[in-house]
Participant: 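Mind looking over this structure? Questions follow.
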Amino acid sequence: MVVKYGSLDDAVHDVLRLSRGMTYKSALAGLPMGGGKAVIIGNPKTDKTTTLLKRMGEFIQAHNGQYITAEDSGMSVSDLEVMSKQTEHVLGVSKEQEFGGDPSPLTAMGIFVGIEAAVNFKLAKSNLHEVHVAIQGAGAVGRCLIKQLVAAGAVVYVADINNKNLDLARALGAQIVRPNDIFTVPADVFCPCAMGGIINDETIKILAAPIIAGGANNQLALPRHANQLKQRDILYAPDFVINAGGIIEICRQFQNEAVAVAHAKILTIGKTLSEIFIESEQTANTTADVAEKIAERRFMNETIRSDAA
Ligand code: NAD
């Protein structure tokens, strides 16, 4: 990611949170991978030069494949193509792959099945017809999701700060609302697809939807916000479970498996979430706690297996 951080400390804090999230995400999706993230401190509009991207490619190459990079916020297929001249450890850029290798449509596919599972659990509805979804962010993931939701008969509201993306969202059938109104629009599902930290003390107070299910990483500003959501009886689909479609696709590309393998794994996101929702309802634990415990049990099993080998 290329982000205009306030300080080096802010960037280090963010990249550590993001890489932790990726580790939990891979474990919950049952992937044979750990988790890592890289952030570049800079303004993506003015600082993302070819030289910068090439230097980043060299840096990744120096890690001999321990870290593999792919698309992310502010990092497009064309940016990765520049980096791939310096390093072989880039995925999500192949012309032979579906969507040119960009995993965003697969991330959206996972969010769609996750929304179905959440709506089924919370509202006892078996489909998304007439379900109202408020999406924050009509970027690569948000727009793919709008298409699927509109096709399923959902009513979609969208807010974005980028007018070009809003025009594209409108053309796909979404109703546009102002950025501050996306939290209070009368929706069944709030779907964060922009940036992290969006579930915080201010937004929890005003959120209208009884469900949060979206693609952004690190949606909770602080871990305690999961408890506040449970107290308000808002069902939260943990971000690192629902947005795993992209990493599942990247792992498939890495292992050179058939596209159908990723699709089948992505469809299980709904079942995983349903199990998390049930366990959270039956215990004092939040959905985030339940999901983390499942991932940690998987780390333990892997450790025991590799110790025994
Ligand atoms: P993107 O950069 O293509 O889109 C983000 C959109 O959010 C942009 O249109 C931007 O203008 C908008 N936005 C930014 N701030 C906003 C605000 N305050 N209010 C409303 N809109 C705002 O990113 P993306 O690839 O669509 O990813 C979206 C989120 O999902 C990110 O948090 C990303 O880390 C996460 N994610 C993406 C993938 C993937 O496959 N692309 C996978 C997993 C997680």
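This one's a predicted model, so the numbers in the text were calculated from it and none came from an experiment. Indexing begins at 1, ligand by ligand and atom by atom, following the structure's order.
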Participant: Tell me whether Arg170 is salt-bridged to Asp167, with the criterion being a basic N under 4.0 Å from an acidic carboxylate O.
Facilitator: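 Yes.
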
Participant: Does ligand 1 have an atom under 4.0 Å from some heavy atom of Gln136?
Facilitator: yes

Participant: How close does the nearest protein non-hydrogen atom get to atom 13 (N) of ligand 1, and which residue and atom is it?
Facilitator: Ala194 CB, 3.7 Å

Participant: Select one of side chain, backbone, both or neither to describe which atoms of Asn217 lie under 4.0 Å from any atom of ligand 1, heavy atoms only.
Facilitator: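 Both backbone and side chain.
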
Participant: Relative to each other, are the rings of Phe240 and Tyr24 parallel, tilted or perpendicular (30° and 60° limits)?
Facilitator: perpendicular

Participant: Quick one: nearest non-hydrogen protein atom to atom 27 (O) of ligand 1, plus distance?
Facilitator: Val141 CG2, 3.9 Å

Participant: Please indicate whether any nitrogen or oxygen in Pro179 is less than 3.5 Å from any nitrogen or oxygen in ligand 1.
Facilitator: no

Participant: What protein heavy atom sits nearest atom 5 (C) of ligand 1, and how far away is it?
Facilitator: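 Result: Cys193 O, 3.8 Å.
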
Participant: I need the nearest protein heavy-atom contact for atom 4 (O) of ligand 1: residue, atom name and distance, please.
Facilitator: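 Heavy-atom neighbour on the protein nearest atom 4 (O) of ligand 1: Gly139 CA, 3.2 Å.
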
Participant: For a side-chain contact (heavy atoms from CB on, under 4.5 Å) check, start with the C-alpha distance between Phe183 and Gln136, then their side-chain angles and the critical distance, and finish with the verdict.
Facilitator: CA-CA 9 Å; Phe183 307 104; Gln136 184 189 43; 3.8 Å; yes

Participant: Look at atom 35 (C) of ligand 1 and say which protein heavy atom is nearest, naming residue and atom and giving the distance to 0.1 Å.
Facilitator: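 The answer is Gly215 O, 3.4 Å.
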
Participant: Do NZ/NE/NH1/NH2 and the carboxylate oxygens of Glu249 and Lys265 come within less than 4.0 Å?
Facilitator: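 No salt bridge links Glu249 with Lys265.
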
Participant: Hey, is Asn165 touching ligand 1 through its side chain, its backbone, both or neither, going by heavy atoms under 4.0 Å?
Facilitator: side chain

Participant: With respect to Gly142, determine whether any N or O atom, backbone or side chain, lies less than 3.5 Å from an N or O atom of ligand 1.
Facilitator: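 Such a contact does not occur with ligand 1.
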
Participant: For atom 9 (O) of ligand 1, find the nearest protein heavy atom and state the residue, atom name and distance (0.1 Å precision).
Facilitator: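 In this structure, atom 9 (O) of ligand 1 has Asp160 OD2, 2.6 Å as its nearest protein heavy atom.
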
Participant: At what distance is the nearest protein heavy atom to atom 41 (N) of ligand 1, and which residue and atom is it?
Facilitator: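 Nearest protein contact, heavy atoms only, for atom 41 (N) of ligand 1 is Ser104 OG, 3.1 Å.
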
Participant: Distance under 4.0 Å to a non-hydrogen atom of Asn162: what atoms of ligand 1 satisfy this?
Facilitator: 11 (O)

Participant: If I apply the N/O under 3.5 Å rule, does Asp72 come out as touching ligand 1?
Facilitator: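 Yes, at least one N or O pair falls under 3.5 Å.
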
Participant: Gly246 to ligand 1: N or O pair under 3.5 Å?
Facilitator: no

Participant: Hey, mind stepping through Asn285 and Lys293 against side chain to side chain donor-acceptor pair (under 3.5 Å) and telling me if it holds?
Facilitator: CA-CA 10 Å; Asn285 295 327; Lys293 296 255 154 37; 5.4 Å; no

Participant: Between Arg224 and Asp201, is there a salt bridge with N-O shorter than 4.0 Å?
Facilitator: yes

Participant: Return the residue, atom name and 0.1 Å-rounded distance of the protein heavy atom closest to atom 40 (O) of ligand 1.
Facilitator: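 Among all protein heavy atoms, the one nearest atom 40 (O) of ligand 1 is Thr107 OG1, 2.7 Å.
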
Participant: Phe121 vs Glu281, test: side-chain contact (heavy atoms from CB on, under 4.5 Å). Steps then yes/no.
Facilitator: CA-CA 10 Å; Phe121 182 83; Glu281 191 181 54; 3.7 Å; yes

Participant: My understanding is that we take every heavy atom of each candidate and find the minimum distance to atom 15 (N) of ligand 1. Doing that for Asn180, Ile247, Ile161, which one comes out nearest?
Facilitator: Ile161

Participant: Is the NZ atom of Lys125 crowded by more than 12 outside heavy atoms at less than 6.0 Å?
Facilitator: yes

Participant: Which of the numbered atoms in ligand 1 are below 4.0 angstrom from a heavy atom of Met195?
Facilitator: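 Counting from 1, the qualifying ligand atoms are 15 (N), 16 (C), 18 (N).
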
Participant: Do the charged groups of Glu58 and Arg55 touch, with an N to O distance under 4.0 Å?
Facilitator: yes

Participant: Grab the two heavy atoms, one from Ile111 and one from Cys191, that are nearest each other, plus how far apart they are.
Facilitator: CG2-SG, 4.3 Å

Participant: Is it the case that ligand 1 has an N or O less than 3.5 angstrom from some N or O of Ala140?
Facilitator: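 Min N/O separation from ligand 1 is below 3.5 Å for Ala140.
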
Participant: Answer side chain, backbone, both or neither: which part of Ala216 comes under 4.0 Å from ligand 1, heavy atoms only.
Facilitator: both

Participant: Should we say atom OH of Tyr67 is surrounded by more than 12 heavy atoms from elsewhere, each under 6.0 Å from it?
Facilitator: yes

Participant: Would you call Lys122-Asp233 a salt bridge at under 4.0 Å N-O?
Facilitator: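 Here Lys122 pairs with Asp233 in a salt bridge, since their nearest N and O are under 4.0 Å apart.
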
